[in-house]
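Read through the structure below, which is laid out as structure tokens, and then see the notes.
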Amino acid sequence: MKYISTRDKSKEFEFKDVFLKGLADDGGLFIPKNLKKFTEKELNEFSNLNYIELANKIIAPFVDDFISGKDLEDLISKSYSTFREKNVVKLINVGDRKVLELFHGPTLAFKDVAMQLLGNFYEYYLSKEDDKINIVVATSGDTGAAAIEAIRGKKNINIFVLHPHNRVSPVQRKLMTTVKDKNVHNIAINGNFDDCQNLVKSMFADHNYAKSIRMSGVNSINWARIIAQSVYYFYSFYLVKNDKGPINFSVPTGNFGDVYAGYLAKKMGLQIGKLIVATNQNDILHRAISSGQYYSEKVQETNSPSMDIQIASNFERLIFDLNNEDDHETSSVMQKIKSEKKYDLDQSKLDKIRKDFLSSSADEKKVISLIKKVYESHKEILDPHTAIGYGGFDDVELEGTNIVLSTAHPCKFPDAIFNAINIKPDLPDELKYISNEKENFDLLDNDINIVKQHIKEKIQ
Ligand SMILES: *Cc1c(COP(=O)(O)O)cnc(C)c1O
């Protein structure tokens, strides 16, 4: 499979470029030049596979010029051997909905599903090429821990994680800052997540700098992450395929990566009904989908910090589709969003969006009341992000089978849970030690030159 950028279709890229670079040099996002569509027969055969077998089938066409056959099978098995569930994810019933638990990986959030795979892609690449890589990634809390866990201790690769100072939960922070491997570097930025993300984007945009440190990105725009995430849409779809159709998903959303993976599964042929984009009060995507106004506002801190985002980076991939895959048009829309912080979607684009997506939003109080209601009625503790996904199906009534993606373990957000139901959810035993470990991170101002300099010094 060959890839292009959403802002310039004239150049072709291989999977290796796509996953190592993350972002295209022109600032656009990578997408397949011709997407693989599975046939009816293939889709039927998928329904009997276990998670690992299915992951092989879905991922193989995207990476065929990089890794294939036994190598790919081994890499996928190794990536998911770190999960506490044999089939990686677990589907449970909670009231009238299904909840798909995606948090059984090493750092207790769905980010592990993609990141474990990506870590092993890097290792595979470095085992063949004489290269040294520096990963720089911004995190709203969960990506950082998942990336560190995937990269720590690996040869010829360092990882630098920028998190917004005092804006991630203590458990989220400790999962990052207590890791002792020498190739792991934590940076707390005096700012919010969008500031962290902008710093990383500026570093990539400075091609000389990015080249000089062999910089690589694993943010949620990385195509390799998207394909890994589309696997669990297929897997859970087949688990319920004999239930009443259509099969819909509600997805707690920030950067539009996870829900885009569902849309990708649909584009590959999976007969998904609707995808609900469930946001917290940082609701730019809800406003875009419900009223056509993609207007960026100031980020508000909430009890679902992994979704405290006002610039949904992956949305560019949908904008490309909405503009009939026109790279010039996409490029000018993205320029406009950058300079004016807004984009109006006309009715025809809204109609197009709503064929696949609906949306909802929950403020802080609603999140607490959702956690409480679900616990009292069904004795299940949902983390705040998952609660927002659960509430999506209250706001948008849909026939059929409704699956909520459960994106994090509740113990990552003990304050919100305590606030709602007076219970402090425990960390799994194997992670309890992080509470007493020494933390390591450098606190830096939100200043691109300071951050660039810091990273250069650490590498030398
Ligand atoms: C990252 C994250 C999200 C948002 O996912 P996107 O792909 O950015 O939309 C939701 N919930 C949790 C727990 C997360 O870590």
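Atoms considered below: every heavy atom in the structure, side chains included; atoms not considered: hydrogens, waters and symmetry mates. In each ligand, atom 1 is the first atom listed, and ligand 1 is the first ligand listed.
Among the candidates L443, D195, L444, the single residue satisfying the side chain to side chain contact (heavy atoms under 4.5 Å, CB included) test with N190 is L443.
A centroid separation of 6.0 Å or more is found between the aromatic rings of F103 and F110.
Under a 3.5 Å cut-off, the side chain of S291 and the backbone N or O of R287 do form a donor-acceptor pair. H378 places no side-chain N or O within donor-acceptor distance of the main-chain N or O of E380, the cut-off being under 3.5 Å.
Defined by atom type and a distance below 3.5 Å, a donor-acceptor pair is missing between the side-chain atoms of S79 and Q116. Side chains of Y263 and S230: no donor on one and acceptor on the other come within 3.5 Å.
At a heavy-atom cutoff of 4.0 Å, ligand 1 is surrounded by F110, K111, D142, P252, T253, G254, N255, F256, G257, D258, S306, M307, H385, T407, A408.
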